Amino acid sequence: FFIEISEEKFLTTKDSKDKLLVVLDIGAKFETIIQNYYEFEKFMLLQTLDHSIRISITYSTSNETISQFNRHLSNLLSSLRIYRDHTLHNISDLYGKDSECFKETVSFRETIYDNCFSYRFMEALRGFTQHRALPIKGFRLPSNRLEMHGQSVIEYRIEPELDFRAIVTEKKIKKEIRDELKELEP
């Protein structure tokens, strides 16, 4: 069963389908970020739970935890970079590089980069992780006794420790970012 349509209608429909596929692709990349973030947070929760129950850490399990921290962080940072890079291409494909939408997106990204240290740091950390070394070299598992609603409870946490010295001395990281990091040095 076929419906005859004009060439113009066919080309318009095809163009709409192509644009819809681009938008779906953007959504798929965003979902990858969400999944990687979820996996990173889930890993930290499970490590914290494990520590709250078992309380013992061996050299072997410690190294495995550090390795998994680096894997989850690398996956998250890479998916963020993929989304950032690919969506600019996607917007160019949808609207063109000379479009207002494309220009506004570039401007918005520049504004975020200029005004948000966390964004600049994550960009630098991703570059460091990809081109130089794995950034997490250890972790802490502190616990505190707290009073909540008249009850004494124990709070457990896991805190990954970055190789801060290696990051702030890495010459491929912009000097401005290294200087900002040095101000935060523990």
Side-chain angles (χ1 to χ4, degrees), residues 3-45 68-136 159-186:
I3 298 173
E4 259 192 64
I5 57 172
S6 68
E7 183 178 352
E8 179 184 353
K9 180 78 168 171
F10 172 78
L11 293 174
T12 301
T13 304
K14 182 183 177 314
D15 184 56
S16 296
K17 177 191 153 232
D18 292 345
K19 287 180 178 179
L20 178 60
L21 291 174
V22 170
V23 171
L24 290 172
D25 189 48
I26 292 169
K29 289 171 193 149
F30 186 76
E31 181 58 28
T32 300
I33 293 169
I34 299 300
Q35 289 172 359
N36 281 322
Y37 178 71
Y38 174 83
E39 291 294 324
F40 185 72
E41 288 289 337
K42 182 172 128 182
F43 168 73
M44 289 196 300
L45 286 169
Q68 288 183 44
F69 255 125
N70 280 307
R71 179 174 57 87
H72 287 294
L73 181 61
S74 296
N75 287 346
L76 178 59
L77 294 172
S78 293
S79 63
L80 287 163
R81 179 62 182 251
I82 287 168
Y83 183 81
R84 193 198 79 167
D85 290 351
H86 290 198
T87 53
L88 204 55
H89 294 297
N90 294 142
I91 290 169
S92 174
D93 291 344
L94 289 170
Y95 302 104
K97 280 192 174 186
D98 295 328
S99 70
E100 198 60 37
C101 184
F102 184 85
K103 292 174 187 173
E104 286 176 9
T105 302
V106 170
S107 175
F108 179 70
R109 288 178 177 194
E110 290 169 354
T111 300
I112 291 174
Y113 185 89
D114 292 341
N115 295 314
C116 184
F117 170 73
S118 297
Y119 184 87
R120 291 190 300 279
F121 174 68
M122 294 304 271
E123 280 285 309
L125 187 60
R126 193 233 25 109
F128 178 84
T129 302
Q130 182 177 347
H131 301 294
R132 192 52 87 189
L134 295 173
I136 297 174
E159 299 172 351
E161 296 176 346
L162 293 175
D163 189 351
F164 199 80
R165 183 180 241 14
I167 294 167
V168 298
T169 58
E170 175 54 51
K171 300 293 185 205
K172 292 196 176 197
I173 293 176
K174 292 179 183 177
K175 183 180 180 330
E176 301 81 22
I177 295 171
R178 285 182 295 159
D179 290 344
E180 287 176 301
L181 283 170
K182 286 176 188 173
E183 291 177 19
L184 300 173
E185 192 165 9

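All figures in this text were calculated on a predicted structure; none of them were measured in a lab.
For Asn36, the side chain to side chain contact (heavy atoms under 4.5 Å, CB included) partners are Thr32, Asn75, Leu76, Ser79, not counting sequence neighbours. Annotation: salt bridge (Lys or Arg N to Asp or Glu O under 4.0 Å) contacts of Asp179 (sequence neighbours excluded): Lys175. In this view, Tyr38 satisfies the side-chain hydrogen bond (donor to acceptor under 3.5 Å, both in side chains) rule with no residue, not counting sequence neighbours. Listed by chain and number, the residues in a salt bridge (Lys or Arg N to Asp or Glu O under 4.0 Å) with Arg126 amount to none (sequence neighbours excluded). Annotation: salt bridge (Lys or Arg N to Asp or Glu O under 4.0 Å) contacts of Asp15 (sequence neighbours excluded): Lys19. Every ring-ring contact (aromatic ring centres under 6.0 Å, His included) that Phe30 has, sequence neighbours left out, goes to Tyr83. In terms of the side chain to side chain contact (heavy atoms under 4.5 Å, CB included) criterion, residue partners of Glu159 (sequence neighbours excluded) are, by chain and number, Arg140, Pro142, Arg157. Scanning for salt bridge (Lys or Arg N to Asp or Glu O under 4.0 Å) contacts around Glu123 gives Arg81, Arg84, with sequence neighbours left out. Scanning for side chain to side chain contact (heavy atoms under 4.5 Å, CB included) contacts around His89 gives an empty result, with sequence neighbours left out. Scanning for side chain to side chain contact (heavy atoms under 4.5 Å, CB included) contacts around Ser118 gives Cys116, with sequence neighbours left out.
Considering OG1 of Thr13 and CD1 of Ile5, their distance stands at 5.0 Å, rounded to 0.5 Å. Distance check, rounded to the nearest 0.5 Å: CG of Asp85 to NZ of Lys29 gives 10.0 Å. The line from CG of Leu134 to CG of Leu73 is 9.0 Å long, rounded to the nearest 0.5 Å. We find the CD1-NZ distance between Ile177 and Lys174 to be 5.5 Å, quoted to the nearest 0.5 Å. Here the CD atom belonging to Glu39 is positioned 6.0 Å from the NE2 atom belonging to His72, to the nearest 0.5 angstrom. Taking CD1 of Ile167 as the start and CG of Leu181 as the end, the distance is 7.5 Å to the nearest 0.5 Å.
Side-chain atoms of Asn115 come within 3.5 Å of backbone atoms of Thr111 as a donor-acceptor pair (strictly under, hydrogens ignored). Between the side chain of Arg120 and the main chain of Asp114, a donor-acceptor pair closer than 3.5 Å is present. Asp163 places no side-chain N or O within donor-acceptor distance of the main-chain N or O of Ile136, the cut-off being under 3.5 Å.
A side-chain contact (heavy atoms from CB on, under 4.5 Å) with Leu24 is found for one member of Val22, Ile26, Leu20 and no other, namely Leu20.
Side-chain contact check for His86 versus Asn90: some heavy-atom pair is nearer than 4.5 Å. A 4.5 Å side-chain heavy-atom check between Met44 and Phe40 finds at least one atom pair inside the cut-off. Under the 4.5 Å side-chain criterion, counting only non-hydrogen atoms from C-beta, Arg178 is in contact with Lys171. Counting only heavy atoms from C-beta outward, the side chains of Asp25 and Leu21 never approach each other to under 4.5 Å. Between Leu94 and Val23 there is a side-chain heavy-atom pair separated by less than 4.5 Å.
Shown here is Tyr95, whose OH atom has no more than 12 heavy atoms of other residues, nucleotides or ligands within 6.0 Å. Environment of OH in Tyr37: sparse, with no more than 12 heavy atoms of neighbouring residues, nucleotides or ligands closer than 6.0 Å.
Listed by first and then second residue, the side chain to side chain donor-acceptor pair (under 3.5 Å) pairs involving residues 99-110 are Thr87-Arg109 (not counting sequence neighbours). Sorted by first and then second residue, the ring-ring contact (aromatic ring centres under 6.0 Å, His included) pairs with a member in residues 7-29 form an empty list; sequence neighbours excluded.
Ala166 approaches Phe128 most closely through the heavy-atom pair O-CE1, 3.8 Å. Here the closest non-hydrogen pair linking Leu184 and Phe164 is C-CZ, 4.2 Å. Between Lys182 and Val168, the closest heavy-atom pair is CE-O, 3.9 Å.
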